[in-house]
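These notes concern the structure reproduced below.
Chain letters run A, B, ... following the sequence lines, proteins first and then strands; every chain starts at 1.
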Amino acid sequence: MKYWLFKSEASTWSWEQQVAKGDAGEEWDGVRNYQARNFMRQMKLGDLGFFYLSQKEKAVVGIVEVCAEAHPDSTTDDDRWDCVDIKAVAPMPTHVTLAMCKGDDRLAEMALIKSARLSVQPVTADEWQIICDMGGYSG
DNA sequence: GCCAACGTTGGC
DNA sequence: GCCAACGTTGGC
């Protein structure tokens, strides 16, 4: 099982909208970046991810799970672009902000910090645990 | 609102 | 295949 981070802007796709989709989940569509797409192609059913909001919140606000593996992005006819479906699992009890991550030396190598613009990122098991601890999420 | 970082495009 | 120009993202 692997861990990931999905980045969104609240004005485009909020955590509330994600939760409203329930267990059926929703396509993580609109990604037009090869690196991000390649990560989505590696995802397996049951993989977990952080739901991160850029811009205003700049924080991990929830936990999501991959509920459909990579398939064509329905928002384009361009067959280069695939996406997965994700569903909300639980809110992060305490939002883990970017500042909190930057303040922890153990997270210095995180893609979130080193590759700020990448919209879908891998998260190591160690990073996952550290952030869950900071957010008060125990699975 | 600014600007640095970075991915993409297009001319050669 | 290189690289300059350009557009977009996202933190501040």
Side-chain angles (χ1 to χ4, degrees):
Chain A
M1 151 130 100
K2 290 210 161 70
Y3 301 101
W4 310 94
L5 182 146
F6 296 86
K7 189 155 46 181
S8 181
E9 288 176 45
S11 59
T12 305
W13 185 251
S14 68
W15 173 248
E16 287 71 24
Q17 285 173 291
Q18 184 66 53
V19 168
K21 290 290 175 181
D23 284 344
E26 177 75 354
E27 277 193 353
W28 194 258
D29 56 31
V31 172
R32 300 292 180 266
N33 172 285
Y34 293 107
Q35 256 189 298
R37 181 207 61 188
N38 291 344
F39 287 131
M40 287 199 285
R41 286 181 173 175
Q42 295 171 27
M43 294 180 189
K44 301 292 184 195
L45 276 179
D47 278 0
L48 295 175
F50 289 132
F51 189 99
Y52 175 85
L53 291 173
S54 63
Q55 309 277 23
K56 188 159 173 282
E57 286 83 357
K58 291 187 298 263
V60 172
V61 301
I63 308 292
V64 295
E65 178 181 334
V66 175
C67 61
E69 295 183 5
H71 58 81
D73 183 333
S74 72
T75 62
T76 178
D77 289 334
D78 191 330
D79 61 12
R80 287 179 299 171
W81 306 117
D82 290 343
C83 64
V84 296
D85 291 6
I86 60 172
K87 65 177 182 182
V89 172
M92 188 60 95
T94 300
H95 293 183
V96 178
T97 65
L98 180 63
M100 287 162 70
C101 293
K102 285 190 167 177
D104 193 313
D105 290 343
R106 297 171 297 171
L107 299 177
E109 296 300 315
M110 261 195 97
L112 182 65
I113 289 162
K114 301 195 87 174
S115 310
R117 293 184 48 190
L118 187 57
S119 61
V120 176
Q121 318 181 342
V123 173
T124 67
D126 286 346
E127 291 162 354
W128 181 267
Q129 195 55 53
I130 291 165
I131 290 174
C132 285
D133 286 349
M134 286 198 285
Y137 178 73
S138 54

With ILVMFWY side chains joined below 4.5 Å, transitively, what does A:Val96's cluster contain besides itself?
A:Met1, A:Tyr3, A:Leu5, A:Leu48, A:Phe50, A:Tyr52, A:Val60, A:Ile63, A:Val89, A:Met92, A:Leu98, A:Met100, A:Leu107, A:Met110, A:Leu112, A:Ile113, A:Val123, A:Trp128, A:Ile130, A:Ile131, A:Met134, A:Tyr137

Any luck finding a side-chain donor-acceptor pair between A:Asn38 and A:Gln42 under 3.5 Å?
no

Presence of salt bridge, A:Asp126 and A:Arg106, under 4.0 angstrom:
no

A:Glu57 atom CD is separated from C:dC12 atom C1', nearest whole Å, by 16 Å

Please state how far atom CZ in A:Phe6 lies from atom P in C:dG10, giving the value in whole angstrom units.
15 Å

Find the distance A:Lys114:NZ to C:dG10:C1' and express it as a whole number of Å.
18 Å

Treating primed atoms plus P, OP1 and OP2 as sugar-phosphate and everything else as base, which nucleotides of nucleotides 4-9 of chain C get B, S or - for protein heavy atoms under 4.0 Å?
---BBB

Within the side chain of A:Ser8, is there an N or O that forms a donor-acceptor pair under 3.5 Å with the backbone of A:Trp13?
yes

Report which part of the nucleic acid A:Lys102 touches: base, sugar-phosphate, or nothing (heavy-atom distance under 4.0 Å, all strands).
sugar-phosphate

May I ask you to check whether A:Glu27 and A:Ser74 show a side-chain donor-acceptor distance below 3.5 Å?
yes

Other residues, nucleotides, ligands: >12 heavy atoms within 6.0 Å of A:Asp78 CG:
yes

